[in-house]
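Okay, structure first, notes after.
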Amino acid sequence: MTEPGWWILHVDMDQFIAAVEIRRRPELRGLPVVVGGSGDPQQARQVVATASYEAREYGVRSGMPLRTAYRKLPDAVYLPSDPATYEAASAEVMDTLRTFPVIVEVWGWDECFVGARTDDPERLAADLRAAVLAATGLTCSIGIGDNKTRAKLATGFAKPGPSQRAGDGGTYRLTAANWAEVMDHRPVRDLWGIGARMSQNLEELGLRTVADLAAADLETLQQRFGPRMGTWYLALGRGLGDTEVTDVPREPVSRSHEMTYPEDLSDPAEIQAKVRAMAVALTDEVVADDRWIQRVHVKVRFTSFYTPIKSRKLPAPTQDPEVVADAALTVLAKFEFRRPVRLLGVRAEFAPPPD
DNA sequence: ATTAGACGCGCCGGGTTT
DNA sequence: CAGGAAACCCGGCGCGTC
């Protein structure tokens, strides 16, 4: 499957967002830090982006409502999210990794796959970690694997546990050699790509552990989840996965804006005005990026949390904000407004580049 | 020529994960 | 009480072609 000496490393920054905030305010080191929303933990409809390890010990998790975090931990330091700063810090990290003779495939702000030819992947991982720390002051954990699935999962085992207070990660190797031993007894939920929903579905088929999934019947899986996903899940149970690492960034296929409003919206004219403004702003960004819009999606979340999405293909690709806004309003008219609205979103799908 | 069915494809709504 | 962004997959439906 892979040539000998070719390894895949998964680099994952430790508590990335919190670490970046602590880096610029060193007096916060050692304190529970919670980053998210506007930074006001009493304001409704905001969630935790990242909590420092100290805050996690009190049960604060990313995705949790900020007000829930505040109830658990009123004494934590609450900071607003500052995406531009995280973006810049991320670039510092990736640039540092690129100084090595490796291929770096970026996977979001705080993680990437590194493809490398080496006889000593642990040594390489240690060198990468040291270089990142020296250049950026940030620590990371590194998973070593014979494919992306295993490398990504290995990172989880490399992460600092509750026992290691310092928050400094390590490395861990997961390959065909120890896959079964390490993973067999674990719930399928631990696999990368199986969330709460799929885990439930698999449970209904009597598949609870990774070993169960690895030994499952392909036809059964395909019948229930479709030809592609069925095949994919079985492979996942066996720890199989992609071995290609590429440094060619993927062309984005779409761009979107969505917003949960502090107060519910009920006035149709106001809802339309918000969607129109969002569509215009989105189009401006897309045009600045020199892309053309082919399809427009509108997302509405009602107070019941019911969140349908509807869309419309444009007669021809466009860069005209008014055309996009009109399309968005046409799509908006397809919704039935029985309850107030808490979120509105617009997504622009790009036409393939003329190239 | 008409009909039934197979097939591919685009459109669209919905689901799931990270 | 429940953010924002992006990707991928599936299935139903309608349409045109063979």
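So that the names make sense, note that chain A is the first sequence line, chain B the second, and so on, each numbered from 1.
For DNA chain C, the neighbouring residues in residues 207-230 of chain A, judged by any heavy atom under 4.0 Å, are A:Phe225, A:Gly226, A:Pro227, A:Arg228, A:Met229. Only A:Ile194, A:Gly195, A:Ala196, A:Arg197, A:Met198, listed by number, bring a heavy atom of residues 194-205 of chain A to less than 4.0 angstrom from any atom of DNA chain B.
For residues 307-347 of chain A, the set of pairs meeting the ring pair (Phe, Tyr, Trp, His ring centres under 6.0 Å) definition, not counting sequence neighbours, comprises A:Phe302-A:Phe337. Contacts classified as salt bridge (Lys or Arg N to Asp or Glu O under 4.0 Å) and involving residues 73-92 of chain A (residues at least two apart or in different chains) are given here: A:Arg23-A:Glu92, A:Arg24-A:Asp82. The side-chain hydrogen bond (donor to acceptor under 3.5 Å, both in side chains) pairs that include a residue from residues 203-219 of chain A are A:Glu204-A:Arg224, A:Thr209-A:Asp212, A:Asp217-A:Thr220, where partners are two or more places apart or lie in different chains. Residue pairs that meet the salt bridge (Lys or Arg N to Asp or Glu O under 4.0 Å) test with at least one member in residues 319-331 of chain A, sequence neighbours left out, are A:Arg276-A:Glu322, A:Arg276-A:Asp326. Among pairs with a residue in residues 64-107 of chain A, those fulfilling ring pair (Phe, Tyr, Trp, His ring centres under 6.0 Å) read A:Tyr70-A:Tyr78, A:Tyr86-A:Trp109, A:Trp107-A:Phe113, A:Trp107-A:Trp192, at least two apart in sequence or across chains.
The environment of A:Glu285 atom CD is dense: over 12 non-hydrogen atoms of other residues, nucleotides or ligands sit within 6.0 angstrom.
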Please tabulate, for the side chains in residues 41-49 of chain A, all donor-acceptor contacts under 3.5 angstrom to protein atoms that are two or more places apart in sequence or on a different chain.
residue	atom	partner	partner atom	Å
A:Gln43	OE1	A:Ser38	OG	3.1
A:Arg45	NH1	A:Tyr261	O	2.7
A:Arg45	NH1	A:Asp264	OD1	2.9
A:Arg45	NH2	A:Asp264	OD1	2.7
A:Gln46	OE1	A:Ser38	N	2.6
A:Gln46	OE1	A:Ser38	OG	3.2
A:Gln46	NE2	A:Ser38	OG	3.4
A:Gln46	NE2	A:Asp40	O	3.1

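A:Met64 comes within contact range of no nucleotide atom at all, as no heavy-atom separation falls under 4.0 Å. Counting any heavy atom pair closer than 4.0 Å across all strands shown, A:Ser311 reaches sugar-phosphate atoms only and no base atom. Within the 4.0 angstrom heavy-atom criterion, only backbone atoms of the sugar-phosphate kind lie near A:Val253; the bases stay farther away. As judged by a 4.0 angstrom heavy-atom cut-off over every strand, A:Arg45 is placed among residues touching the sugar-phosphate backbone only. Within 4.0 Å of A:Lys334, counting heavy atoms only, lie sugar-phosphate atoms of the nucleic acid but no base atom. Looking at heavy-atom distances under 4.0 Å, A:Ala49 makes no contact with the nucleic acid at all. Using a 4.0 Å heavy-atom cutoff across all strands shown, A:Trp232 reaches no nucleic acid atom at all.
A:Arg71 places its CZ atom 12 Å from the C1' atom of C:dA2, with the value rounded to the nearest Å. Rounded to whole Å, atom C1' of C:dA7 lies 15 Å from atom CZ of A:Arg295. In this structure, the CE atom of A:Met259 is 12 Å from the P atom of C:dG3, given to the nearest Å. Between A:Lys148 atom NZ and C:dC8 atom P there is a gap of 12 Å when expressed in whole angstrom units. Here C:dA7 presents its C1' atom at 13 Å from CZ of A:Phe350, a figure rounded to the nearest Å. Distance A:Glu349 CD to C:dA7 C1': 11 Å, rounded to the nearest Å. Rounded to an integer number of Å, the gap from A:Ile309 CD1 to C:dA6 P is 13 Å. Taking atom CD of A:Glu87 as the reference point, atom P of C:dA6 lies 11 Å away to the nearest angstrom.
Nearest-nucleotide assignment on DNA chain C puts the 5′-proximal partner with A:Pro65, out of A:Pro65 and A:Arg255.
Residues forming a side chain to side chain contact (heavy atoms under 4.5 Å, CB included) with A:Asp119 (at least two apart in sequence, or on another chain): none. In this structure, the side chain to side chain contact (heavy atoms under 4.5 Å, CB included) partners of A:Ser254, at least two apart in sequence or on a different chain, are A:Arg347, A:Glu349.
Through ILVMFWY side-chain contacts below 4.5 Å, A:Val323 is grouped with nothing and stands alone.
In this structure, the side chain of A:Asn147 engages the main chain of A:Gly239 through a donor-acceptor pair within 3.5 Å.
A heavy-atom distance below 4.5 Å is found between the side chains of A:Ser90 and A:Phe16.
Using a 4.0 Å cut-off between charged nitrogen and carboxylate oxygen, A:Arg301 and A:Glu258 do not count as a salt-bridge pair.
For C:dA6, the base has a donor-acceptor partner in the side chain of A:Arg347 [N/O atoms by modelled type, under 3.5 angstrom].
Taking a heavy-atom distance under 4.0 Å as the criterion, the stretch of DNA chain B touched by chain A extends 5' to 3' from B:dC11 to B:dT18.
For A:Arg301, counting side-chain heavy atoms from C-beta on, the closest listed nucleotide (C:dG4, C:dG3, C:dA5) is C:dG3.
Contact annotation: A:Arg342 side-chain N/O to C:dG3 OP1/OP2 distance is under 4.0 Å.
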